[in-house]
Structure formats: C-alpha cells, structure tokens
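For reference, positions follow the sequence shown, starting with 1. Counting convention: from 1, in listed order, for ligands and their atoms alike.
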Amino acid sequence: MSVFREGFLWGGATAANQCEGAYLEGGKGLNVPDMLLGGDVNTPRTFCPHLEPGVFYPSHEAIDFYHHYKEDIALFGEMGFKCFRLSINWARIFPNGDDAEPNEEGLAFYDRVFDECKKNGIEPLVTLCHYEIPWAIVTKYHGFADRRVIDLFVKYAVTCFTRYKDKVKYWLTFNEINIGLMNAAMGALYGLGLVQDEDLARTKPCTLPEIKDVPQQRFEALHNQFVASAKAVIEGHKINPDFMIGNMICHITWYPLTPNPKDILEDQKRDSLCNDLCGDVQVRGAYPYFAKKYYQDLGLDTSFMENEEDLALIKEGTVDFYTFSYYMSNCVTVDENADTVQGNMLGGAKNPYLKASDWGWQIDPDGLRFTLNKLASRYPGKPLMVVENGFGAFDKVEEDGSIHDDYRISYFKAHIAAMREAVKDGVPLIGYTTWGPIDLVSAGTGQYAKRYGFIYVDRHDDGTGDFGRSRKDSFFWYKKVIASNGEDLE
Ligand code: BGP
C-alpha cells in the first residue's frame, strides 16, 4: 500500500503567461510578462515600457497552449494526472484591469479548458494571479501600490469564483506572494505591478535590475496584496463553501553555511523574512512578531500595518491550505568571501555537499523533506501541497525523435522519495504538481532552452519551431509513478 493518501493530487503546474501565447487574441489585454524580452543564465531579462517592433517577446506566443490545450490536456490525461495547476490570465478576463464587465471570450476559453480537464478526469487547481497583472493596472494605478487595485483584484476573483464554482474546487490567490520581499526587481514588477513614472517614460528598454525600487511602496503594496488575498478568500467561501482556497509561497530553504552562531542567526532571519512572514500572515491571519522591527530597520514608516480594518480582514480571510514551490536550497553566511551560487529568485552561499543545475540551482531532495516537516510544525493541521518542483535542463532530441532525460527522472525520483519520507514522518501532504509538465517559457530568464517538461515542445529561443509536442522518457516514467500512487519510482 502507498504511503500517499488515496486521491493524492499528482499532476503538473503551469502559468498562463508562460504557456498560453495568443497574447492579443480573444480580447486579451497586455500583461506584465508581455513587456519582457528573454535573457539567459548570465543575462537578466529586459523590460520594455513600450512594445518594440521586430523584437522577439517569448510570452507572446509561448507554447501556444491557447490553441493546443485539448492536445496538451489529453497528454496530461495519458500520464494519469489527477490535478492540473494552471493560472487564469487576468487580462483575458479584464483586459484593462478596471473594465465594467468581464470579457466573455476570455471566460469562455477557461470554460473549455476546465471541461477538457473534466473529460480527462483531472481536477483543476487555479492560480488567480501568477505574475499576470494587467499592464493597464501598472500604467494607470502603479499596481498594488494603489489601494483601488485591491478591489479590482477582488472583482476579478469573484467573477472567476462565480463563473467556475461548479468546475473548480481548488484555488490559489497569488503565486509566490513573498517574491516582493526577496527579489526587489522581480518582486516589484512581476509580483506587485510597480513601475515608477520615470521608468514608464523610458524610450529604450532596460534590464530588470535597472528599474527603480521604492521599498516603502513595495512593502505597502505587499500589504495591500495580503488584504486582496484575504478578501478573495472571504468572498470565495460565500460563493461556494466547499472551495479550498490556498496561498502560494516561493519557499527558499536556507541552511547556515557553518556552525558560527552569527551564521545561525543570519539563517534564522533569512528564513523568517523570506518564507515565514507571508506564510504567517496568510495562514495565521496576522503579521508575525518580527515583521515590524524588520520593516523599521529598513527605515520604513510602518503605519500601513496598523489599519484596523485591514487587520480584521487578514484575520478573517486565512487560507484553507498552504502551498509552495520548492526547487533548491541555499546557504547563508556572514562571510563575504564565501563562494556563491544562483537560485530561484535569490542565490546564496554555495553548499559544498550539493551539485547544481546548469542554471546554478542546487539540487537538494533532503531539503524538501526538511521543508515539509518545518511547515507541518509551523502550521499544525494545515494541509500542505507542493505545487512546483522541477528541473530546468537542456534537452537533446535524438535522430529518431526520442529524448532521454534521465537527469530529470533522477531529480524527480529523489524528490518524490524525500516526499514519501516526509509523509511517513506524518506531514499532511495532499498533492504534488511538478513545474512545467510540458516545456514552457522560463519566468526567470525568458528562455525556451531551459526545459522542464515531460512533454517536449518544438519551439526555440530564436523563434523557430513548429510547436509540435513529443513525449520524453520522463513522460513514461511519471505515468508509472502516478499509476502506483508514488510507490514505483524505478
Ligand atoms: C517559480 C515560478 C514559475 C516558474 C518557476 C521556475 O518561481 O512560480 O513561474 O517559472 O519558478 O523558474 P524559471 O522559469 O525561472 O526556471
């Protein structure tokens, strides 16, 4: 018998902006990722305040899921998926962010997607905002810095909850809501939709780190996002009390590099701020005790944290389950000369015991067991779900069309084995969706070449490729894993 519960949600996760394409079809408006060019492991992505003609924007066509969804969901069904995590593209529903009425063509598209999931026996898990703030909300309102955007988001959430109340049970409000605390450039633009007027007025594109950061505004915008998330949870439960509405944290697991107590303290601080602050607000319904001091140390005016009405909403609108992404771990040290590595959103000190991917992300399956146990003890009784875990790699297509991605199989094998140990430890884990079950555009670098899928997509960074889909070795392997409810990892 499997250690994973019956009905365990095995599957895969995507985001609309990284796979749909059709960026102006069906009445969709522009969103933040539509304004970004690709980079690579050493080159940050470029931000264009205005679309430049003749330039290749990876999200504009992405992998064209918009026209291939039937084929893709059928392939997920063939692998035996129980769950497909996807996001609704906010700008397909409200192209200008503040439209009086939603765009029927956008709503109808997701009806078709959810119907296709049902046909294949797959439960959708829907992220309402996966780095997909409508561009008009950035230019008109400066994103979540403007409190009116709280209600624009809630209106959008209520529109989706109402329309799909009988088709979707599992929802997430914001993808990786903690990004604004970890990576100023990505967090401000991607997570919170903040761009200053002087950057909007640029006549030439600039790299993400060149965009001006205003910490006071960034932290206030994050607070507004907490309120928006809480309000959405409250409204969602009124629409369907059976909804399971979760949060989503980019969990970067930190270890002290040495037993030097200074490293231990630094590690504790990093974990508290990067991971626990947002998790506590959304699960426990209040800012943790250390938040205010940290904000004050940054020189911020913290009066925004004291709005009684907001705090009451945050207290009421706590989530039903906790979800997170886990790819790698990093070390923390006060030693400025320590070797460093890259990572998801944040790099850190190099761990001498771990190997890294070609993008410098350290591979650490034990860290997943450690993280699951940490979360289970921090949020007792809260169901947990790993909603992103995966291995970005270069794939080689053989002459006969096969793709032997044993490196990806090894990564998943080790992480699922670690998860199994965590479940044996007693962790209340309800599901696991791998990141990018089908190749898609990388969020961090905008590349196609950084492939995550069990399904290969013929599409490349120079814009060539016919979007054809094919099964990699890992496709057949994951199918066996699901069929055995996580027991057969060979
Ligand atoms: C997470 C994001 C995803 C995804 C993933 C992999 O942080 O939620 O959108 O892209 O990271 O990162 P990347 O695409 O940079 O390899």
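- Using a 4.0 Å cut-off between heavy atoms, Tyr190 makes no contact with ligand 1 at all.
- Scanning the protein heavy atoms around atom 5 (C) of ligand 1, the nearest turns out to be Tyr327 OH, 3.1 Å.
- Shown here for Asn224 and Phe144, the closest heavy-atom pair between the two residues is ND2-O, 2.8 Å.
- Atoms of ligand 1 lying under 4.0 Å from at least one heavy atom of Asn175, given by number and element, are 8 (O).
- Residues Gly279 and Tyr379 share a closest heavy-atom pair of C-OH, 3.2 Å.
- At a heavy-atom cutoff of 4.0 Å, ligand 1 is contacted by no atom of Trp359, backbone or side chain.
- The shortest N/O to N/O separation between Ser325 and ligand 1 does not fall below 3.5 Å.
- Which parts of ligand 1 touch Lys450 is read off a 4.0 Å heavy-atom cut-off, strictly below it: atoms 13 (P), 15 (O), 16 (O).
- When only modelled atom types and interatomic distance are considered, Gln217 and His142 share no side-chain donor-acceptor pair under 3.5 Å.
- Scanning all heavy atoms of the two residues, the minimum distance from Glu20 to Ser87 falls at OE2-O, 4.2 Å.
- Classification of the Tyr478-Phe454 ring pair by plane angle, with boundaries at 30° and 60°, yields parallel.
- Within 6.0 Å of NZ in Lys413 there are more than 12 heavy atoms belonging to other residues, nucleotides or ligands.
- Checked against a 6.0 Å centroid threshold, the rings of Phe4 and Trp10 count as neighbours.
- A cation-pi arrangement is present between Arg92 and Phe109 under the rule of less than 6.0 angstrom and at most 45 degrees off the ring axis.
- Residue Glu176 has at least one heavy-atom neighbour below 4.0 Å for each of these atoms of ligand 1: 1 (C), 2 (C), 7 (O), 8 (O).
- For ligand 1, the polar-atom distance check finds no N/O of Val441 at less than 3.5 Å from any of the ligand's N/O atoms.
- Shortest contact from atom 10 (O) of ligand 1 to any protein heavy atom: Gln18 NE2, 3.0 Å.
- Regarding atom 14 (O) of ligand 1, its nearest protein heavy-atom neighbour is Ala443 N, 2.7 Å.
- Looking at Glu388 next to ligand 1, an N or O pair under 3.5 Å apart turns up.
- Remark: ligand 1 atoms within the under-4.0 Å shell around heavy atoms of Met345 are 7 (O).
- No N or O atom of Thr445 sits closer than 3.5 Å to an N or O atom of ligand 1.
- Within the listing of ligand 1, atoms 13 (P), 14 (O), 15 (O), 16 (O) sit less than 4.0 angstrom from a heavy atom of Ser442.
- Note on ring orientation: taking the six-membered ring where Trp is involved, the planes of Phe76 and Phe84 are tilted (angle from 30° to 60°).
- Heavy atoms of Ala15 found under 4.0 angstrom from ligand 1: none, in either backbone or side chain.
- The nearest heavy-atom contact from the protein to atom 12 (O) of ligand 1 is Trp361 CH2, 3.4 Å.
- Contact analysis leaves Met248 out of contact with ligand 1, as no non-hydrogen atom separation drops below 4.0 angstrom.
- Summarising the geometry of Glu132 relative to Ile88, their closest heavy-atom pair is OE1-O, 3.5 Å, with the distance given to 0.1 Å.
- Ligand 1 has a nitrogen or oxygen under 3.5 angstrom from a nitrogen or oxygen of Gly444.
- Near Tyr452, meaning under 4.0 Å from any of its heavy atoms, are these atoms of ligand 1: 6 (C), 12 (O), 13 (P), 16 (O).
- Side-chain polar atoms of Tyr255 and Asp364 form a donor-acceptor pair below 3.5 angstrom.
- Under the 30°/60° scheme for interplanar angles, the aromatic rings of Phe161 and Phe243 are found to be tilted.
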